[in-house]
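Every value quoted in this text rests on a predicted model; they were computed, and no experiment measured them. The analysis underlying the following values was restricted to heavy atoms, covering all of them including side chains, and did not include hydrogens, waters or symmetry mates.
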Amino acid sequence: MAARRGRIAHRWRHRVRRFAITALFLAVATGLWHFQERELRDGLSWQGVTTWEDLTPLTFHRVLRNDGFLVGWSDVRVNPLWVSYLLQRVDDPSSGPRPGFRRDWRALWPISTESYFGSGYDRGHLAPNYAIAAVHGRGAQRDTFLMSNMSPQRPELNRRLWQRLEEVVMDHFVPRFAALQVITGPIFPARFQDNVLNRVGLVEVPQAFYKILVVPGDEPRALAFIMPQRVSGDEPLDDFLVSIDEVEARTGLDFLPQLAPASAEALEARVDTAGWGLEAVARLPGRF
DNA sequence: TTTATTGT
């Protein structure tokens, strides 16, 4: 009897030890994973990864990490709320052929490439094909064609005004400053119920789009734009300048959250175009 | 194809 009780106690000690070792291993592994994931995200986003100002169902999102850029994905809007990427000067910028649009299985909803057919909207890249391909390579280029990087854009915006802005970023601002942090995304009407049925397939249609450009460094510069869906496409780019604070007010997001409060105040509250040479490129004609 | 769908 005593011998049997001893055997049971021994078996339980064995089980407890095995459980403790497994738990310790899991804790270390998840700790390492989180550490590594944070390092990787920080490397893709200067002064912190975009987050929400107030957590509501309309600002909640999860971060999808791609090759070369991050996506703040909302399962409520069925849209990226923001994408974030760094561009550096490269010697011989070029991109391969367009790889074709692909479903992203990390998005909760089925967003097929066909849902845009006949909708009157383009599948508009948020992280752009050309700039990402030229700076981050072929694998990153492929990731820009995931449907989780798309938002419905009117053709006159996507192919003309927005395209001109992306071209100016890559051909003028990146060479000028050597590096640029870009954060871009959609803007929705203030009241969710006004727009809830305005969708392409499951994807809610934004009313406008923002793009924030930041020159990283000790004395950062920033430029921000908000462009509405309905444009002719030939407008001067500087017609659409806004402050970062205005983009935050319209999106409920907090950009550059790690920036020291004094720098944030100076950078985000004003529209300051000094040093960008924007006037010289604001009226360049479109490519298409 | 530094944009993309429509229609040939």
Side-chain angles (χ1 to χ4, degrees), chain A residues 66-69 79-80 83-104 111-186 199-201 203 205-206 208-211 213 223 225 227-237 240 277-278 280-288:
Chain A
N66 291 329
D67 195 353
F69 65 104
N79 263 268
V83 302
S84 177
Y85 52 96
L86 275 163
L87 298 177
Q88 288 109 11
R89 191 152 54 197
V90 287
D91 287 336
D92 226 347
S94 67
S95 70
R98 291 164 69 91
F101 297 92
R102 274 162 43 228
R103 171 117 187 241
D104 187 342
I111 307 161
S112 70
T113 57
E114 295 84 12
S115 46
Y116 283 68
F117 291 179
S119 68
Y121 289 93
D122 281 3
R123 296 168 289 194
H125 281 72
L126 290 185
N129 165 42
Y130 175 74
I132 295 284
V135 176
H136 296 284
R138 182 70 180 162
Q141 179 184 24
R142 256 184 239 113
D143 284 355
T144 69
F145 279 81
L146 289 168
M147 291 308 287
S148 54
N149 184 44
M150 301 300 151
S151 199
Q153 284 185 327
R154 296 239 84 118
E156 300 74 23
L157 175 65
N158 184 36
R159 305 176 195 190
R160 295 166 59 72
L161 186 65
W162 195 256
Q163 192 282 329
R164 283 167 55 219
L165 177 58
E166 289 181 340
E167 184 160 336
V168 161
V169 167
M170 195 51 189
D171 292 354
H172 295 275
F173 295 152
V174 171
R176 188 183 190 96
F177 297 115
L180 213 57
Q181 169 73 54
V182 186
I183 307 171
T184 196
R199 293 188 183 242
V200 172
V203 181
V205 178
F209 294 86
Y210 67 88
K211 191 180 287 292
L213 311 173
L223 230 44
F225 300 85
M227 294 179 168
Q229 289 275 21
R230 303 274 179 184
V231 293
S232 76
D234 298 319
E235 296 89 341
L237 299 178
F240 302 95
L278 178 61
V281 294
R283 290 162 197 274
L284 288 177
R287 183 176 288 263
F288 306 103

**Request:** Determine which pairs satisfy salt bridge (charged side-chain N to carboxylate O under 4.0 Å, His left out) with at least one residue from residues 129-138 of chain A, sequence neighbours left out, and list them in order.
**Result:** none

**Asked** Heavy atoms under 4.0 Å, any strand shown: does A:P93 hit a base, just sugar-phosphate, or nothing?
**Response** nothing

**Message:** Could you check whether the side chain of A:N129 and the base of B:dT3 have a donor-acceptor pair of N or O atoms closer than 3.5 Å, going by distance alone?
**Reply:** no

Please tabulate the protein-to-nucleotide N/O contacts below 3.5 Å involving nucleotides 5-8 of chain B, giving atom names and distances.
residue : atom : partner : partner atom : Å
B:dT5   : OP1  : A:R123  : NE           : 2.5
B:dT5   : OP1  : A:R123  : NH2          : 3.1
B:dT5   : OP2  : A:R123  : NH2          : 2.4
B:dT5   : O4'  : A:R159  : NH2          : 3.0
B:dT6   : OP1  : A:G118  : N            : 3.2

**Item:** Inter- and intrachain pairs under side-chain hydrogen bond (donor to acceptor under 3.5 Å, both in side chains), touching residues 172-182 of chain A, at least two apart
**Value:** A:S84-A:Q181

**Asked** For A:S95, what residues pass the side-chain contact (heavy atoms from CB on, under 4.5 Å) criterion, not counting sequence neighbours?
**Response** A:Y130, A:A133, A:Q141

**Request:** Check DNA chain B against residues 134-155 of chain A and give the residues with a non-hydrogen atom under 4.0 Å, in numerical order.
**Result:** none

**Value in whole Å for how far the C1' atom of B:dT2 lies from NZ of A:K211** = 12 Å

**Request:** For A:Y210, enumerate each residue passing the ring pair (Phe, Tyr, Trp, His ring centres under 6.0 Å) test, keeping only those at least two apart in sequence or located in another chain.
**Result:** A:F255

**Message:** List the residues meeting ring pair (Phe, Tyr, Trp, His ring centres under 6.0 Å) with A:F173, not counting sequence neighbours, and say none if there are none.
**Reply:** A:W276

**Request:** Give me the residues of residues 280-288 of chain A where at least one heavy atom lies under 4.0 Å from an atom of DNA chain B, by number, or none.
**Result:** A:R287, A:F288

**Prompt:** In whole Å, what is the span from the CD atom of A:E156 to the P atom of B:dT3?
**Reply:** 17 Å

**Prompt:** A:I132 has an atom CD1; how far is it from atom P of B:dT3, in whole Å?
**Reply:** 12 Å

**Asked** Which pair of heavy atoms, one from A:S112 and one from A:S115, lies closest together, and at what distance?
**Response** O-OG, 2.7 Å

**Item:** By side-chain contact (heavy atoms from CB on, under 4.5 Å) - contacts of A:R103 (at least two apart)
**Value:** A:W105, A:P110

**Nucleotide B:dT2, atom C1' - distance to CG of A:L165 in whole Å** = 13 Å

**Item:** Pairs satisfying salt bridge (charged side-chain N to carboxylate O under 4.0 Å, His left out), at least one member in residues 122-133 of chain A, at least two apart
**Value:** A:D122-A:R159

**Message:** Taking the minimum atom-to-atom distance to the side chain of A:E167, which one of B:dT2, B:dT3, B:dT1 wins?
**Reply:** B:dT2

**Message:** When you compare the side chain of A:M147 with that of A:R102, does any pair of heavy atoms fall below 4.5 Å?
**Reply:** no

**Prompt:** In chain order, what residues pass the side-chain contact (heavy atoms from CB on, under 4.5 Å) check against A:E167, with sequence neighbours excluded?
**Reply:** A:Q163, A:D171, A:R287

**Message:** Using atom C1' in both nucleotides, what's the gap between B:dT1 and B:dT5 to the nearest angstrom?
**Reply:** 14 Å

**Message:** Can you list everything that forms a ring pair (Phe, Tyr, Trp, His ring centres under 6.0 Å) with A:H125? Sequence neighbours excluded, please.
**Reply:** A:F101, A:F145

**Complete:** Rounded to whole Å, CG of A:N158 lies from C1' of B:dT2 at a distance of 12 Å

